[in-house]
Every structure is written in C-alpha cells, then in structure tokens.
Amino acid sequence: MHTIISVTENGDKIAENISKHLENCKVYNRDEVKRLGLKEVTEKAIKESLSLIFISSTGIAVRAIAPFIISKDKDPGVLVIDSLGKVVISLLSGHLGGANALCKKVANIIKAEPIITTATDNFKKEAPDVIAKDNNLIIDDLKKAKDISVKLIEGQKVVFIDDRNLIKLPKGYVRLPSNKDLSEENENCLGLLWVTDKINLDDEFLESKKKFKTCLRLIRKDVVLGIGCRKNFSEEDMRERVLGFLKEHNIDYRAVKTVATVEVKAEEKAIINLASFLRAELLIFTLQDIKKSSTGMKAVISLRKPLELGV
C-alpha cells in the first residue's frame, strides 16, 4: 500500500490526482492529519505501507519519519513533493524501498521533476542493493554493500560473479578474468560482488579472493531440501542437523527456498518449524508424486533419497 500524507489544501488536490493513478493508495488529507496528528499518521503508515508520499516541506517529512527509521533493508520508500507539485524527491530507501522507481513514476503522473540523489544512480552504475531487489536476492552484509557502492562511484573495478550465470553483467562491473586469477593488470579490482547460494568461494578462487578488499555475497534462494524424520522428532535437533548438513556442503542456510517432504510427514512440527525458521515454503508430495518422479517425470525434487533424520 502507498500512503499519501498532505498538509495543505493544494497538497490535497495533488494527493487526489496521484491516488487515481497508483493502485492501493491511502490518502490522509490536511484535515485528517490535523485531527489525528502527523506523528500518529506517520507511525501507522510506516508500519502498514510499502511507501510514504509526503506533500509538504522536506523538513516536515524528515521530522515525521525520524523516530521510526530502522535500517535501509526494513524502511519503506519515502517521497516528498512540494505543495505546488513542482518536484518529487526520493528521500529515503531509494533502492530497497523502491523510492527511486516510485519517484520517477509519481513525477510522470503530476508532470514534476524527479530528484534522485543516490550516487550510483547518478553515476549510471548499479548498486548491490538494486541488483538484490531486482533479482530477489538477500544482501549478506549491508556495510559491505555500501563499500561496494563507494568503490563503483570512485571508479574502482568491481568483479561480478553469478554462479548460475542468470544475471547479465550489471553496469559498472567487470568479469573475473578467464584464468580465475587477478594478474597485475587487474590488480585494481578491489571489490567482488558474488551471487551465490554458497558460504565460501571454491578453492580455485581462494587466491583471487585475497586480492579483493571487499567481498559481498548476494544470496540466491534456490535450494530445495527433501526432509524425512521419525515421528515427533526434536525440533531443535532437526534444526541443528540441517544447519550442520548445509554448512558441511558449503550451502548458506538462507539460500533454502523450499522444504519438501512426503504427505505422511506433513504434520511433523519439526519439519513445519524448520521451514518457518528458514523462511522457506513447505512443499508436500504425495506418494503418487514420488512414483511419478521415479519413472522419469520431472519433479521439483526427488524424495526417494531425502536427508533422513533419525530413521
């Protein structure tokens, strides 16, 4: 949901115009804001909305959101529009919160000038958080993401590796040399952005990794776990064993997309809670599904040889 907060009569008109073109909009007009209180309206909007659009001065918007800001990966996108509708400013969470994209969209609706100040956008380079958002990836370390962005802005070479080669080379990045080593001519490659489901680089890359000042992983959720266990298996034991299994096989636990099991285990709390802990979908296969997969029909995963715990 988008929440629009107006503090002037003319702002009410702008809000009404925007709400006609944006789906799922909640508008607080000037009178409602005065009656309910700006702090209360803002707090409610931040908890419930994907984005906030203030039609006010920048100062009013900044003071309103200040008590409720958490971090760039949790905050909603925030825009500010002046009361005459001349400019639309991307104020907060431009990348992960989608404020930059929304800024351009809203500016087009009201025929205003979009103001975007994130440096990577202005330098025509793709920040790690943009790549993560566009490809549904998990940022391993926000501080390292910032360091990579700084390197891009400063013109330093940042190597891009996608284990599955699904993402085309982003703007501002370079490929790792074919010999998987950084020779003297590539010694300025001080950053590495690595899209993977792994914890550590393969041994063949380890020497190259030492050359980088900053190595950032963007984690792809692409791992499916087939799980079987005895009845009333310990939830804690289940989690410890699975995490140990993943670590042993160099798989980041955050990369698990699906926990799959057979229908007779569908009510096992250990499996249900494991899926919840991993923030993964729980996929239940029938015995007939398994028989089909064993006869050559395509299936998401074969449960004929799952990770068996306690059986």
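Note: hydrogens, waters and symmetry copies are ignored here, and every other heavy atom, side chains too, is used. Numbering starts at 1 and runs along the sequence shown.
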(Q) Would you say that His2 contacts Asn24 through its side chain, given a criterion of any heavy-atom pair below 4.5 Å between the two side chains? (A) no

(Q) Any salt bridge linking Arg217 with Asp252? Criterion: basic side-chain nitrogen under 4.0 Å from a carboxylate oxygen. (A) yes

Q.
Regarding Asp31 and Arg35, does a basic nitrogen lie under 4.0 Å from an acidic carboxylate oxygen?
A. no

(Q) Please check: side-chain N/O of Glu281 versus main-chain N/O of Val259, any donor-acceptor pairing under 3.5 Å? (A) no

Q. Are Ser149 and Pro128 side-chain neighbours, meaning at least one heavy-atom pair lies under 4.5 Å?
A. yes

Q: Verify, without hydrogens or angle tests, whether Ser276 (side chain) and Ile272 (backbone) share a donor-acceptor contact under 3.5 angstrom.
A: no

Q) Minimum heavy-atom separation for Ala145 to Ile139, with atom names? A) CB-CG2, 4.1 Å

Q) Does Asp75 use its side chain to pair, donor to acceptor, with the backbone of Ile69 at less than 3.5 Å? A) no

Q: Could you tell me whether the side chain of Leu169 reaches within less than 4.5 Å of the side chain of Arg175, counting heavy atoms only?
A: yes

(Q) Any side-chain to backbone donor/acceptor pair from Lys125 onto Leu152? Under 3.5 Å, distance only. (A) yes

Q | Passing candidate, side chain to side chain contact (heavy atoms under 4.5 Å, CB included) with Val195, options Ile161, Ile167, Asn165 | A | Ile167

**Q.** Under-4.0 Å salt bridge between Glu9 and Lys13
**A.** no

Q.
Angle between ring planes, Phe277 versus Tyr253, binned at 30° and 60°: parallel, tilted or perpendicular?
A. parallel

Q.
Donor-acceptor pair, distance only, cut-off 3.5 Å: does the side chain of Lys86 make one with the backbone of Glu113?
A. no

Q. Under the 3.5 angstrom rule, does the side chain of Lys221 hit a backbone N or O of Val256 as a donor-acceptor pair?
A. yes

Q: May I ask you to say whether Lys151 pairs ionically with Asp147, meaning some side-chain N is under 4.0 Å from a carboxylate O?
A: no

Q) Between Ile284 and Glu263, is any pair of side-chain heavy atoms under 4.5 Å apart? A) yes

Q) Closest heavy-atom contact between Lys157 and Val174? A) CB-CG2, 4.4 Å

(Q) Within the structure provided, determine whether Leu91 and Phe54 are in side-chain contact (heavy-atom separation under 4.5 Å). (A) no

Q. Below 4.5 Å, heavy atoms only, C-beta onward: do Leu36 and Lys44 meet side chain to side chain?
A. no

Q. Under 4.5 Å between any side-chain heavy atoms of Thr214 and Val150, yes or no?
A. no

Q: Determine, using the 4.5 Å side-chain heavy-atom cutoff (strictly less than), whether Leu38 and Val27 are members of one ILVMFWY cluster.
A: no

(Q) Can you tell whether the side chains of Arg164 and Asp197 come within less than 4.0 Å, N to carboxylate O? (A) no

Q | Where Ala61 and Val80 come nearest, the two heavy atoms and their spacing | A | CB-CG2, 3.5 Å

**Q.** Nearest heavy-atom neighbours spanning Ile4 and Ala15
**A.** CG2-CB, 3.5 Å

Q.
Could you report the tightest heavy-atom contact between Lys168 and Phe160, atom names first, then the distance?
A. O-CE2, 4.4 Å

Q. Is there a donor-acceptor pair closer than 3.5 Å between any side-chain N or O of Lys265 and the backbone N or O of Cys229?
A. yes

Q.
I need the single residue from Val87, Thr58, Ile14 that forms a side chain to side chain contact (heavy atoms under 4.5 Å, CB included) with Asp82. Which is it?
A. Val87

Q) Of the non-hydrogen atoms in Asn10 and Ser83, which two are nearest, and what is the gap between them? A) ND2-O, 2.7 Å

Q: Mind checking the OG-CG spacing from Ser93 to Leu79? Nearest 0.5 Å is all I need.
A: 10.5 Å

